[in-house]
Amino acid sequence: MLTKRSVATTAEGDDIYLITLSQGDITAEILSLGANLKTLKTPDRNGEIRDIVLGFDNPLDNLTSTAYFGQVVGRFANRIANAEFVLDGKTCVLEKNEGNNSLHSGRSNWGWRNWHVETFDLNGDPGVVLSLFSPSGDGGFPHAVNCTVSYVLTSNGSLHVEYEATASGPTPINLTNHTYFNLGGAASGTVLGHELQLACDRYLEVDAAAIPTGRIIDVQGTAFDFTKKKSIGRDIDKAGGYDHCFILSRNSEKMVEFASVHEPISGRTMKISTTMPAVQIYTGNFLKAKEIGKGKVAYPKHAGMCFETQYYPDSPNHPEFPSCIFNKERSFKHATIFSFGCR
């Protein structure tokens, strides 16, 4: 099933659309505002269907929140040190919105913009493609970018998210989805009891401001070792809360499954695959029951966790990292697949 309806308007008077994709017992709702994954309903082992992503009832609440619930974040997701970088000999200055650094591109973040919407059917699978134009100089970034994000819900219980962006000249591009998952249900407490296994054998060391130092560290013997299944909460205090970039063990631009998540009480499972080189794992460390979410529920610390597939943070300032600079000849084209089940 595929529906599209207007649910609000922007300050400029433009319609904000809600697109509903349904296949069997699974339903995904996507907002045109922020290309936002607002709702994702899946069954547990007893067939009870619950929404497993955090967010707001009122779409406009996204514009006053810095939790980034469900947003497609761009032009550059994650942090850039000192809110600047040098490209082709020119210093590009961004907005400082997290101390001295830029986080998620500051106020120019695409997650706060209303995207153009077109729905489609792909061999019986419902989908939507959202498009956005970012002019040269947007947020301090050089050159213009045309971007599309597509969501497709397949009959086997998978949500495919595909990103494409083309630039008029060299510019950093790092797109991700900032959905917070709680497989027990969005209002079921914390994710500390979730079991996680990652095919990620290294992570980026960061300083006190969460900026990469440049050191890449083996996860073995550390609180960041999820190469064998363990609960999120087991070592979270040793890690100081997870908000770190984990590097996929197999570096390939082909689709690679890297994460398996299990919530023991409900039995829900989620597997994640991507063509991206890394994933930022964030355990909602800054949620402190100040954000009143769907159903008027206050989200506590660790109420959800994000799997932000992406290039490394602060890549424009680290030439040794995989290049996030795209241009006319090199377009940004990546995908991430979230697959759901229960046991």
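Position 1 is the first residue of the sequence, and the numbers go up from there. For the numbers below, each heavy atom of this structure counts, side chains included, while hydrogens, waters and symmetry mates do not.
For Y68 and W112, the distance between ring centers is under 6.0 angstrom. Note: H160 and Y151 fail the aromatic proximity criterion, with ring centroids not under 6.0 Å apart. Aromatic ring centres of F69 and Y180 lie closer together than 6.0 Å. Ring to ring, F76 and F85 are not that close: their centroids are 6.0 angstrom or more apart. For F181 and F338, the distance between ring centers is under 6.0 angstrom.
Counted within 6.0 Å of CD on Q220, heavy atoms from surrounding residues, nucleotides or ligands total 12 or fewer; the atom is thus considered open. Annotation for N123: atom CG does not count as buried by contact number, only 12 or fewer foreign heavy atoms lying within 6.0 Å. More than 12 heavy atoms of other residues, nucleotides or ligands shown are found within 6.0 angstrom of CG on L122.
A side-chain N or O of N78 and one of Q280 form a donor-acceptor pair less than 3.5 Å apart. If you check the side chains of S102 and R79, you find no donor sitting under 3.5 Å from an acceptor. Side-chain N/O atoms of T148 and S131 include no donor and acceptor closer than 3.5 Å. A side-chain donor from one of Y311 and H334 sits under 3.5 Å from a side-chain acceptor of the other. Under 3.5 Å, the side chains of T166 and S331 contain no donor-acceptor pair of N or O atoms.
The pair D138-R107 fails the salt-bridge criterion, with no side-chain N (NZ, NE, NH1 or NH2) lying under 4.0 Å from an Asp/Glu carboxylate O. Looking at K4 and D15, no side-chain N of the basic residue comes within less than 4.0 Å of a carboxylate O on the acidic one, giving no salt bridge. Checked for salt-bridge contact, K230 and E195 miss the test: no charged N lies under 4.0 Å from a carboxylate O.
The residue from N156, T154, D125 that alone fulfils the side chain to side chain donor-acceptor pair (under 3.5 Å) condition with Q23 is D125.
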TODO: Show the numbers, then the answer: is there a side-chain hydrogen bond (donor to acceptor under 3.5 Å, both in side chains) between N285 and D243?
DONE: CA-CA 8 Å; N285 311 321; D243 190 7; 5.0 Å; no
TODO: Apply salt bridge (charged side-chain N to carboxylate O under 4.0 Å, His left out) to D201 and R250, showing your working.
DONE: CA-CA 9 Å; D201 56 3; R250 199 173 109 207; over 6 Å; no
